[in-house]
A.B. asks: 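My questions will all concern the structure given below.
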Amino acid sequence: MEDRYLFKAKRIDNGEWVRGYLYGIWEKRYILWGMTNDVPNMIEVDPSTICQCTGLKDKNGNLIWENDIVELFGHRGTIKYVCGGFGIGYRKNIDWEEIQSNIMRVTGCENILYACENDNYISLWEIYWNFNDEDDSVDTVEVIGNVFDNKELLESEEK
């Protein structure tokens with residue numbers, strides 16, 4: 001499966017996460033199509049938990065999904081799809097100069113960070129480009145949970 005077209009969601013019948021292609025809506029039911037033990041399988045999922053894969057991996061090699069909770073230089077945020085791309089949305093003000101100062105330290109380059117400072121959002125591709133990442137990996141970002149299973153991770157960031 002090509003990662004950027006991959007989705008995950010929680011099954012209706014047992015609440016477990018499953019991955020696959022978003023097959024569509026049938027009688028107001030959402031279906032993921034995937035493979036189970038090399039056999040094609042269609043699974044009904046909870047539509048409120050559907051998350052699209054960004055196509056990128058974090059510093060540990062984990063796929064990054066919409067609604068994941070991630071850390072970037074000690075700042076926790078949530079992966080969101082905004083204006084045609086995925087990025088990290090923050091609940092509190094971020095010191096963008098502090099994030100910018102890490103570029104030279106990590107890469108040795110003087111790239112300029114173009115973050116949306118007013119709405120506390122930074123594109124994953126902006127991070128990927130500025131930190132000279134390769135192989136569809138964002139080495140400065142770490143997935144630490146998701147908004148469905150680990151809400152407490154974001155609550156600690158609000159304090």
Side-chain angles (χ1 to χ4, degrees), residues 1-92 94 99 113-158:
M1 291 186 182
E2 180 138 0
D3 293 338
R4 67 178 169 245
Y5 302 114
L6 192 60
F7 289 81
K8 74 175 184 178
K10 289 191 171 203
R11 296 173 63 123
I12 289 288
D13 60 355
N14 63 14
E16 290 182 14
W17 285 103
V18 292
R19 295 180 182 186
Y21 294 109
L22 186 59
Y23 182 70
I25 307 168
W26 178 61
E27 295 179 2
K28 298 185 180 181
R29 295 165 48 194
Y30 288 79
I31 307 294
L32 283 185
W33 181 90
M35 302 293 279
T36 303
N37 298 326
D38 296 324
V39 177
N41 195 5
M42 297 177 78
I43 300 167
E44 186 176 0
V45 296
D46 177 350
S48 70
T49 65
I50 295 173
C51 306
Q52 186 172 0
C53 186
T54 65
L56 295 170
K57 294 181 180 176
D58 76 350
K59 69 181 191 178
N60 299 315
N62 299 312
L63 286 172
I64 302 173
W65 299 85
E66 182 178 19
N67 295 310
D68 274 348
I69 299 170
V70 298
E71 279 194 353
L72 171 67
F73 298 114
H75 300 283
R76 290 183 184 170
T78 305
I79 299 297
K80 298 289 181 191
Y81 187 81
V82 177
C83 297
F86 289 100
I88 306 171
Y90 295 97
R91 290 184 175 187
K92 66 177 192 172
I94 299 299
I99 300 289
L113 186 65
Y114 294 103
C116 299
E117 298 177 24
N118 293 336
D119 56 8
N120 290 330
Y121 175 87
I122 184 169
S123 161
L124 285 178
W125 288 105
E126 176 76 15
I127 297 166
Y128 181 87
W129 180 82
N130 273 302
F131 287 95
N132 301 333
D133 292 324
E134 297 178 356
D135 300 325
D136 293 333
S137 182
V138 186
D139 296 330
T140 53
V141 173
E142 181 176 23
V143 174
I144 59 171
N146 66 66
V147 299
F148 305 104
D149 299 329
N150 312 103
K151 290 178 186 176
E152 73 281 356
L153 293 174
L154 287 176
E155 291 168 2
S156 65
E157 186 68 8
E158 291 179 340

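Just so you know, these numbers come straight off a predicted model, no measurement behind them.
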A.B. asks: Answer yes or no: is there a side-chain heavy-atom contact under 4.5 Å between L154 and I69?
C.D. replies: yes
A.B. asks: Could you check if a side-chain atom of L124 sits within less than 4.5 angstrom of a side-chain atom of I79, using non-hydrogen atoms only?
C.D. replies: yes
A.B. asks: With rounding to the nearest 0.5 Å, note down the distance linking CG in N146 to NZ in K8.
C.D. replies: 5.0 Å
A.B. asks: How far does CD1 of I127 sit from CD1 of I122, to the nearest 0.5 angstrom?
C.D. replies: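 The CD1 atom of I122 is 4.5 Å from CD1 of I127, to the nearest 0.5 Å.
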A.B. asks: Do N120 and K92 make a side-chain contact, defined as non-hydrogen atoms from C-beta onward lying under 4.5 Å apart?
C.D. replies: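 Heavy-atom side-chain distance check fails, nothing below 4.5 Å.
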A.B. asks: Work out which heavy atom in C51 is nearest to a heavy atom in F148; give both atom names and the distance.
C.D. replies: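 Distance-wise, the nearest heavy atoms are SG-CE1, 3.6 Å.
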A.B. asks: To the nearest 0.5 Å, tell me how far Q52 CD sits from L6 CG.
C.D. replies: 9.0 Å
A.B. asks: Once rounded to the nearest 0.5 Å, what's the spacing between atom CD1 of I50 and atom CD of E66?
C.D. replies: 9.5 Å
A.B. asks: First locate atom CD1 of I64, then atom OG1 of T54, and finally report the distance between them rounded to the nearest 0.5 Å.
C.D. replies: 5.0 Å
A.B. asks: Check for a donor-acceptor pair, side chain of N60 on one end and backbone N or O of N62 on the other, with a separation under 3.5 Å.
C.D. replies: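 The answer is no, because no donor-acceptor pair under 3.5 Å joins these two groups.
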A.B. asks: Got a second to check how far S137's OG is from D58's CG, nearest 0.5 Å?
C.D. replies: 7.0 Å
A.B. asks: With a 4.5 Å limit on heavy-atom distance, are the side chains of Y90 and L72 in contact?
C.D. replies: yes
A.B. asks: For N67 and K80, what are the C-alpha separation, side-chain angles and deciding distance, and is it a side-chain contact (heavy atoms from CB on, under 4.5 Å)?
C.D. replies: CA-CA 6 Å; N67 295 310; K80 298 289 181 191; 3.8 Å; yes
A.B. asks: Are the side chains of I99 and H75 in contact, using a 4.5 Å heavy-atom criterion?
C.D. replies: yes
A.B. asks: Kindly indicate whether the side chain of D149, heavy atoms from C-beta on, has any atom under 4.5 Å from the side chain of K10.
C.D. replies: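 SC-SC contact between D149 and K10 confirmed.
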A.B. asks: Please verify the inter-ring angle class for F131 with F73; under 30° counts as parallel, over 60° as perpendicular, anything in between as tilted.
C.D. replies: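 Judged by the thresholds at 30° and 60°, the geometry between F131 and F73 is tilted.
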